[in-house]
Structure formats: C-alpha cells, structure tokens
Amino acid sequence: MMTTDDLPQARRMRRPTWRDPRLGVGIVLVAGSVALGAWAVRDAAATVEVYAAGDALTPGDAVTVEELTVREVRLGDDEDLYHLAADPLPEDAVAIRTIGAGELVPRTAVGGSEAVSVQPIVVSLGLAVPTDLGPGTVVDLWLAPAQATTGAASTESTREPELLAPTLVVAEVMEDDSVLAGTQGTSVELLVPRDEVSAVLAALSSEGQLVAVPTIDAGGADVPEPDET
C-alpha cells in the first residue's frame, strides 16, 4: 500500500524576482507602449499658426499682415507649403494668383509684382451681370453681337457670340447709377493676360454687348484642407 511518503513532492511556485528575464521584457513592452501612445497624442495635437486671406485676394493685390488673418491648423508634412504666421512675409509681396476668402496662403501664390502676368481692364457689362459676380470670381468674357436692323424691322444678327478671353479673374465690381442719364449698369475690373489685352480693348469700341459668364469651379487644387483645432 502506497503511503504519503511515497508520493512525489509538489513543486512550489516561486514569485518572480527582478532577475527573471520575463519581468524585464514585460517592463520594456509596457514602457514602449506608453511612449508610443504619448507620441501619437502629441503629434495629433500639434498645431501651427498659418496666414489665411481675410477677403479674396486677386493677382496684384498687396499681401500684408493687415489683409490676412491667422488660423491655427494641423498641417503635418505640408507645413512648408504655406506662409506661417511666425515667419515674416516677403517685402512688397503681392498675390500672383487668386486666393479665396478664408483660404490658407500658399507660398506659391505670393511673389513680387514682376511675377504678375495680367493687366487690369475695366469693362462695362450693362445689365447682363450674374447675381453672384464678385471679387475673385473666374469668368469667360464673351462679345454678343448687336442686332442687325433693316429699315424699320429688326432681326437678330447671324453672327455667333464670340469668346474674347477665357478664365479671367474679377478684381472689383462697380455699380454705376447715373441719375442724370437715367441709366444703371455694372462695370467690372478684369485681370486680363497680356496676350489677350488687345482683343478685349478692341471689343470695348465695337458694337455689341460684353457678357461675363462665371466658370464652373472644378474643385481647384488637389490639396486637402488641413484640420483645424
């Protein structure tokens, strides 16, 4: 008959000590997880102050601190693409392309006046003015031919409307109310590329009506809007 003395002795479980390599590995893993989580939180919360346009800026407009606002955003790897509020603006800087109201100011959209390749021309549009026309709007400028007349009868001209200049930027819209003349109309200052100036000037002295047709915005540059805080 087997007695208790004959049974194998149970192994006692020993508490791990600092010399146990498993304890060291566990501490390293926990410390690494905490450090990685802290880095991710800091990176997600990192923001910078960036200049944004207060109102729409068109080519040739001065870019100064007074014309801009400051927005606090997360840019990540795109930080070098925009003008940071901590950096001074270039001296005598102007917009060399349209910067929409509230848009962050890209470095490529600001330069010297010599980089502006357009000329401002004031064009009278009469009453044919879209309701949403304003500074920064991109339009195609068309010349609608005048109606041809034969005696007392008036017939529509066989001439087709002519596209004078595409994708022009509106710099300013000016309402013209003349009490003495009893007329009302609208003039716009358009920024016309130098190689298209002659065609637009010739149209100003020709018969017919100039019409500004806003273009459809296709979405602009493929740059995602940075996250704001």
Side-chain angles (χ1 to χ4, degrees), residues 53-64 66-67 92-101 103 106 108-221:
D55 297 318
L57 297 173
T58 56
D61 286 345
V63 179
T64 63
E66 292 74 20
E67 304 293 334
D92 299 327
V94 299
I96 58 177
R97 74 155 176 83
T98 300
I99 306 174
E103 179 185 350
T108 56
V110 178
S113 57
E114 69 281 354
V116 180
S117 59
V118 293
Q119 295 287 340
I121 298 179
V122 176
V123 174
S124 177
L125 300 179
L127 299 178
V129 179
T131 57
D132 57 350
L133 199 67
T137 303
V138 179
V139 300
D140 293 337
L141 184 63
W142 291 77
L143 175 62
Q147 291 183 340
T149 58
T150 304
S154 176
T155 60
E156 192 174 54
S157 173
T158 57
R159 289 176 53 200
E160 295 290 333
E162 177 186 357
L163 176 61
L164 295 175
T167 60
L168 304 181
V169 177
V170 176
E172 187 178 357
V173 178
M174 298 157 281
E175 298 293 338
D176 182 18
D177 296 323
S178 179
V179 177
L180 296 178
T183 60
Q184 181 181 13
T186 300
S187 297
V188 293
E189 183 180 291
L190 299 176
L191 302 177
V192 183
R194 290 190 174 92
D195 57 354
E196 297 174 353
V197 168
S198 59
V200 174
L201 292 178
L204 293 179
S205 59
S206 65
E207 295 183 355
Q209 185 178 20
L210 293 171
V211 181
V213 180
T215 61
I216 298 176
D217 186 3

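Both backbone and side-chain heavy atoms feed into the values below; hydrogens, waters and symmetry mates do not.
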Could you state the interatomic distance from [atom1] ([X]) to [atom2] ([Y]), rounded to the nearest 0.5 Å?
X	Y	atom1	atom2	value
T186	L133	OG1	CG	8.5 Å
L201	Q119	CG	CD	9.5 Å
L164	S206	CG	OG	7.5 Å
I96	T58	CD1	OG1	13.0 Å
E189	I121	CD	CD1	10.0 Å

Taking all atoms of both residues into account, what is the closest heavy-atom pair of [X] and [Y], and its distance?
X	Y	value
G54	A101	O-CB, 3.8 Å
L210	A203	CD2-CB, 4.0 Å
L168	L191	CD2-O, 3.7 Å
V116	A95	CG2-O, 3.8 Å
E207	L143	O-CD1, 4.2 Å
D140	T167	OD1-N, 2.8 Å

Sub-4.5 Å side-chain heavy-atom contact between [X] and [Y]:
X	Y	answer
Q209	L125	no
T98	V169	yes
V188	V122	no
T137	D132	no
P120	E172	no

Quiz item: Would V94 and D61 satisfy side-chain contact (heavy atoms from CB on, under 4.5 Å), going step by step from the backbone distance to the final call?
Solution: CA-CA 5 Å; V94 299; D61 286 345; over 6 Å; no
Next item on the list: Report yes or no: does T215 contribute a side-chain atom to a donor-acceptor pair with the main-chain N or O of V138 at less than 3.5 Å?
Entry: yes
